[in-house]
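A quick write-up on the structure given underneath.
None of the values given here were measured: they were computed from a predicted structure. Throughout, a chain's letter reflects where its sequence line sits, starting with A, and its residues are numbered from 1. Only this structure's heavy atoms are used, side chains among them; waters, hydrogens and symmetry mates stay out.
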Amino acid sequence: MYDISVDERWNRYWLEHKLANFDENDAEKPIYVIDSPPPFTSGTLHMGHVSSYSFVDFMARYKRMKGFNVLYPQGWDTQGFPTEKAAEAKFGISLPREEFYKRCSEIAHENLAAMKAQMRLLGCSFDERYEYITMTPEYRAKVQLSLLMMHDKKLIYREKSPVEWCTRCLSAIAHAETEEKSVETNFVHVNFEVVGTKKHITIATTRPELMHACVALAVNGNDDRYKDIIGKKVAVPLFGQHVEIIADDHVDAALGTGAEMVCTFGDKVDREMYYRHKLKYIEAIDQRGRLANADKFSGMKISDARPEIVKALEAAGAVVKIEKITHSVKVHDRCGTEIELIPSMQWFIKVKEFAGLIKDIANDIGWTPEFTKQYLIDWANFIDWDWIISRNRVFGTPIPFWYCEKCGEIIAPEKAKLPVNPALEGSPLDKCPKCGGKAVGETATCDVWVDSSITPLVITGWPDNKELFKRSFPVDLRVQGTEIVRTWAFYTIFRSWALTDNKPFEKMLVHGMVLRPDGKRMSKSKGTGISPEELLKKYPVSPVRLWAALSSAIGKDKPILYNDFDYAKSFIIKLFNSAAFVKTAIDGKKVPTIEPSKDMGIFDVWILNRLNTITKLADNAYDTFAFYEAANAVINFYWHEFCDYYLENVKHRVYSTDKKMEKSRHAAVFTLHHVLMTTLKLLTPIIPHITEEVNSMFNSDISITLAEFPKHTERKAPPDYAINGIVYNSDIIDEDYENVGAFLNTIIAEVRKAKASARIALNKEIPSININVPEEYYKAAIAAKGEIAQICKAQAVEVAQGVYSVSIKV
RNA sequence: GGGCCCGUGGUCCAGUGGUUAAGACGCCAGCCUUACACGCUAGAAACAGGAGUUCGAUUCUCCUCGGGCCCACCA
């Protein structure tokens, strides 16, 4: 019986025998490197991982069988906010920096171990000797080296600038880490008095709490209502500062009142106008999201201040009306907190100016499916900020620089001293080489994408193992989801270029998301996820992997359907049962290793040719990541041609005890065994546990995962190729045999049909079958007469030339 | 507002410039056929709508409608 214990047994076997190890000393075999995604160590795999890592493993196993020396390391993305959050929840927030770091690292290690076990259970055949973990000193040294090198190339700078800031995480975040959230809010219409007149101008704002940081009012220059007051000053209610009315094309005259206030900073547009009009800067909120410079409101949280200020405005008679509107705000994707724009000193990597170059490299990479490249191109076309790489966190790779307190000069450590932690260690230079100012260590850590955007380099031995790097970089394949094209793919391409002047990978396989059965996204917080654990309680590994293959409409999101697992499971049962039949047919005797050509029957030649065709198809399909096609073709062939027809067609030969039938029996056994074994090999990349198990039923002591992937051979019939003793034309080739076999099967199907409609049991003997066949199949039908009689349990078969028809006498 | 993907039987999905439009699940009928009733055989059932290109369109183009994703805007 097949259950998960079989999977576990083979998983152990492969590991013990090191069957998936990369051989660095092998100079013969071509190398194939897979850049498998390092999952964030959350502690558990989700169905998206199952699908994604299945694809990775399909390719690793396929390429091994194709004779490649496969380097498939698995890495782990350990650092970042969620781990810190988990550590805070578990140990509180008041731990000292180093202690806190240690706790985070413990959590990450535990989670990593759990996830690795899950991946191993799925049969993922990564070589653990090449594992990388982003929080280790070795990995950090590489990340830091990469930053030093990019600094040498003048790609890194430090600047005080309004950045997207999470007031909960107390850190700058990258634009790519933000997401949209729709919220209902008040659209408050407020009167501003034009200074020196009795006139008012009304603006509409969703952020009345930023009144105190209002530095201008903006209207559209073409708006006739306001044309004559542009340049005049208005007084800000409650706070009284006088600000200028400015004209800016951005303002939409039709929206709100056609006038808006500019605060430092309410949103991205404020930031643009601040620069465009060289406005004054007033710090509106602090890093914790509390009002600053707001008189008696200072220190209040934004959420508390908003209603208070509206109240005060109303009391002052400045509020015209309040509308309820739904608009969207940017939130931090990891914690859902609304993003604020807060000026702070941050580290940047120049990327904006390289968007064109990144596009060029993307065009030089093979994307599957092709359209996913567009995700990256679109993103490259839109980026308008450089990459903020600093995060004001603890559990991350330290930014490896010191800087001059006075002039801001960046001081880099020696490359040999890496990894460094400037938050704890003294500067390599006491004084700034430029101005003699005091050198200060940076306390910020890196954005986690800085860690993960060098994976293709790290897995190929960069920077130390130059020999391996030379042979294996760029890597052959990157597998990843569509949702991280703008982060992981984008940054990796850029960093690879910056560090090596080369593209990071030859091919990209970009897959979609696994959705719930109803087509909606799975959400952990809503508890609507389907976990691999749940699934693996119900199904062993092979149906799960087969599901991944069969649902691999690559690049598209795909709902998870239990039908697919059930189907996969029934195929596996079929495989077992048919293998049992083949084993019985062999009956402990030796199977000939060479095809007994002279004794082959038409059905043998037919099924072997079909197998040949399917082999070619599956090979091409794997090579183009068309796992659905490969699995589907092989399964349908095996199930519905081999089992449903061939197997039935040769039963009379297999069970025959007639001495005269000995050779024919032998040929059938050869064919049964050959088709079974070849099919197992064709499916081994996808369902290795089960093919290994079936293979082991046949006294094979060699792992099927070590077998060579079946080759498509041009099978030409030799001149003396006899079918049931009748010599065929020598110009008959594959396709003809396939057609002849398929045609003869339709005769058998017709007889079955006729028997069924006459309500006769299929195994009941009937007196005769009459067949009329078209000319091109006449000879074949004559040749197969005897066999058809045997297969269909008829005493006689009459064949005549004519319009195709089959009838039976009962 | 811009870009991308997708609309195929009840459900999920494959595929194609000429096909009897594949398969799965479900449904209906028959069969315990010396591997398998978790099986086998047979059956009903589909190309969103419109226009164009073409000898011919489900396939290519455009539009409409519908669904999804990404980006921008949202004072």
Side-chain angles (χ1 to χ4, degrees), chain A residues 175 179-180 182 185 187-189 203-208 210 214 217-219 248 250-252 255-263 266-270 273 325-330 369 371-379 381-384 482-483 485-486 512-513 515 517 519-521 550-551 553 555-585 626 628-629 632-633 635-636 639-640 643-644 647-648 651-652 654-655 672 748-749 751-764 791-793:
Chain A
H175 187 58
E179 59 187 30
E180 302 264 310
S182 188
T185 192
F187 200 29
V188 185
H189 294 241
I203 62 103
T205 181
T206 54
R207 306 211 58 181
L210 299 181
C214 175
L217 282 199
V219 297
D248 194 289
H250 167 78
V251 179
D252 180 356
L255 187 62
T257 62
E260 64 169 287
M261 65 172 183
V262 183
C263 306
D267 64 14
K268 197 172 154 185
V269 178
D270 285 350
M273 288 204 222
I325 58 160
T326 302
H327 74 154
S328 56
V329 293
K330 288 252 187 266
F371 69 78
T372 56
K373 183 167 77 182
Q374 198 60 37
Y375 295 143
L376 187 126
I377 304 284
D378 286 349
W379 181 249
N381 283 338
F382 276 109
I383 52 160
D384 55 358
T482 49
E483 77 281 6
V485 166
R486 63 179 175 153
M513 244 183 317
L515 305 175
K520 301 255 165 60
R521 275 191 184 200
L550 290 173
S551 63
K556 281 204 291 185
D557 294 347
K558 162 95 189 178
I560 184 165
L561 292 169
Y562 291 103
N563 283 350
D564 294 340
F565 295 98
D566 289 330
Y567 174 68
K569 199 173 149 190
S570 48
F571 172 72
I572 284 155
I573 293 166
K574 192 79 185 176
L575 194 56
F576 262 113
N577 287 322
S578 54
F581 172 82
V582 175
K583 196 176 154 84
T584 313
Y628 173 88
E629 219 177 298
N632 198 242
I635 288 172
N636 280 328
W639 196 332
H640 302 298
C643 289
D644 290 353
L647 222 127
E648 296 297 332
K651 272 183 179 170
H652 71 277
V654 169
Y655 290 126
L672 285 167
I748 294 162
V751 174
R752 284 175 182 167
K753 220 185 282 190
K755 279 190 172 180
S757 66
R759 310 250 159 154
I760 300 171
L762 286 179
N763 65 342
K764 180 157 194 269
I791 294 163
C792 299
K793 308 255 187 312

Without decimals, in angstroms, what is the distance between Phe571(A) CZ and rA24(B) P? 13 Å
Heavy-atom pair of closest approach, residues Thr257(A) and His189(A): CG2-ND1, 3.3 Å
Closest to the side chain of Trp379(A), out of rC4(B), rC71(B), rC74(B), is rC71(B)
Between rA45(B) and rU11(B) - P atom distance, rounded Å: 16 Å
Nearest-angstrom distance, C1' atom, rA29(B) to rA44(B): 11 Å
Over all strands shown, is Ala580(A) touching base, sugar-phosphate only, or nothing at heavy-atom distances under 4.0 angstrom? nothing
Using a heavy-atom cut-off of 4.0 Å across all strands, would you classify Val329(A) as base, sugar-phosphate, or nothing? nothing
Please report, to 0.1 Å, the donor-acceptor pairs under 3.5 Å made by any side chain of residues 570-577 of chain A, with sequence neighbours excluded.
from      : atom 1 : to        : atom 2 : distance (Å)
Ser570(A) : OG     : Asp566(A) : O      : 3.1
Ser570(A) : OG     : Tyr567(A) : O      : 2.9
Asn577(A) : ND2    : Ile573(A) : O      : 3.2

For Ser578(A), what residues pass the side chain to side chain contact (heavy atoms under 4.5 Å, CB included) criterion, not counting sequence neighbours? Tyr638(A), Cys643(A), Leu647(A)
What is the separation between atom OH on Tyr567(A) and atom P on rU11(B), rounded to the nearest whole Å? 21 Å
What's the closest nucleotide to the side chain of Val269(A) if the choices are rA14(B), rC4(B), rC74(B)? rC74(B)
Between Lys793(A) (NZ) and rC40(B) (C1'), how many Å, whole number? 14 Å
Considering only side-chain heavy atoms of Gln374(A), which listed nucleotide, rC71(B), rG3(B), rA75(B), is closest? rG3(B)
Does the plane of the ring in Phe371(A) sit parallel, tilted or perpendicular to the ring in Tyr375(A)? Use 30° and 60° as the thresholds. perpendicular
Mind checking if Cys643(A) touches a base, just sugar-phosphate, or nothing, with heavy atoms under 4.0 Å? base
The dot-bracket string of RNA chain B, counting Watson-Crick and G-U wobble pairs with both distances under 3.5 Å, using [ ] for crossing pairs and | for pairs to another strand, is (((((((..(((.....[....))).(.(((.......))).)....(((((..]....))))))))))))....
C1' atoms of rG23(B) and rG9(B), separation to the nearest Å: 12 Å
Between Met261(A) and Pro208(A), which heavy-atom pair has the shortest distance, and what is it? CE-CA, 4.4 Å
Spacing between Asn632(A) atom CG and rA24(B) atom P, to the nearest angstrom: 10 Å
Nearest of rG3(B), rC36(B), rA75(B) to any side-chain atom of Lys574(A)? rC36(B)
Which nucleotide sits closest to the side chain of Leu255(A): rA75(B), rG23(B), rU33(B)? rA75(B)
Does a side-chain N or O from His640(A) land closer than 4.0 Å to OP1 or OP2 of rG23(B), or not? no
Walking RNA chain B from its 5' end, the first of Met513(A) and Thr372(A) to be reached, judged by nearest nucleotide, is Thr372(A)
Say you pick atom C1' in rU16(B) and the same atom in rC47(B); how far apart are they, in whole Å? 11 Å
Looking only at atom P, what distance separates rG39(B) and rC5(B), rounded to whole Å? 39 Å
Considering only atom C1', compute the distance from rG10(B) to rU19(B) and round it to an integer number of Å. 25 Å
Decide side chain to side chain contact (heavy atoms under 4.5 Å, CB included) for Ile377(A) and Gln374(A); before the verdict, give the C-alpha distance in whole Å, the side-chain angles of both, and the deciding distance to 0.1 Å. CA-CA 5 Å; Ile377(A) 304 284; Gln374(A) 198 60 37; 4.1 Å; yes
On a heavy-atom basis, the closest approach of Glu260(A) and Val251(A) is OE2-CG2, 3.5 Å
rC55(B) and rA22(B): how far apart are their C1' atoms, nearest whole angstrom? 28 Å
Within the structure shown, what part of the strands sits under 4.0 Å from Glu648(A) by heavy-atom distance: base, sugar-phosphate, or nothing? base
Roughly how many Å is it from CZ in Arg752(A) to P in rG43(B), rounded to a whole number? 13 Å
Minimum-distance pair of heavy atoms, taken over all atoms of Val219(A) and Ala259(A): CG1-CB, 3.7 Å
Kindly point out which of rA75(B), rC13(B), rC73(B) is positioned nearest to the side chain of Phe187(A)? rA75(B)
Rounded distance (Å) that lies between atom C1' of rU34(B) and atom CD1 of Ile791(A): 16 Å
For Ala585(A) versus Leu672(A), what's the shortest heavy-atom pair and its separation? CB-CD1, 3.9 Å
Against the side chain of Phe382(A), the closest entry in rC71(B), rA14(B), rA75(B) is rC71(B)
Nearest to the side chain of Asp644(A) - rC70(B), rC74(B), rU41(B)? rU41(B)
May I ask you to say what Lys651(A) touches in the nucleic acid, namely base, sugar-phosphate or nothing, with a heavy-atom cut-off under 4.0 Å? base
Looking only at side-chain atoms of Tyr628(A), point me to the closest of rC74(B), rG3(B), rA22(B). rA22(B)
Which part of the nucleic acid, if any, lies within reach of Ser570(A) when heavy atoms closer than 4.0 Å are counted: base, sugar-phosphate only, or nothing? sugar-phosphate
What's the shortest heavy-atom distance between Thr372(A) and Val485(A), and which atoms? O-CG1, 4.5 Å
Length of the NE2-P vector between His250(A) and rA72(B), whole Å: 14 Å
How is Leu647(A) classified with respect to the nucleic acid when contacts are heavy atoms under 4.0 Å: base, sugar-phosphate, or nothing? base
Looking only at N and O atoms, is any donor in the side chain of Ser328(A) or the base of rC74(B) less than 3.5 Å from an acceptor on the other one? yes
Taking rC70(B) as the reference, what is the distance to rG50(B) when you measure between their C1' atoms (whole Å, please)? 29 Å
Flag, side chain of Arg207(A) to backbone of Gly266(A), donor-acceptor distance under 3.5 Å: yes
If only side-chain N and O atoms of Lys330(A) are considered, is one of them under 4.0 Å from the OP1 or OP2 phosphate oxygen of rA72(B)? yes
Under 4.0 Å, heavy atoms only, any strand: does Asp267(A) hit a base, just the sugar-phosphate, or nothing? sugar-phosphate
Interatomic distance where CD belongs to Glu179(A) and P belongs to rC69(B) [whole Å]: 12 Å
Taking only side-chain nitrogens and oxygens of Trp639(A), does any of them come within less than 4.0 Å of OP1 or OP2 of rC36(B)? no
Which of rG23(B), rC70(B), rC73(B) is nearest the side chain of Arg486(A)? It is rC70(B)
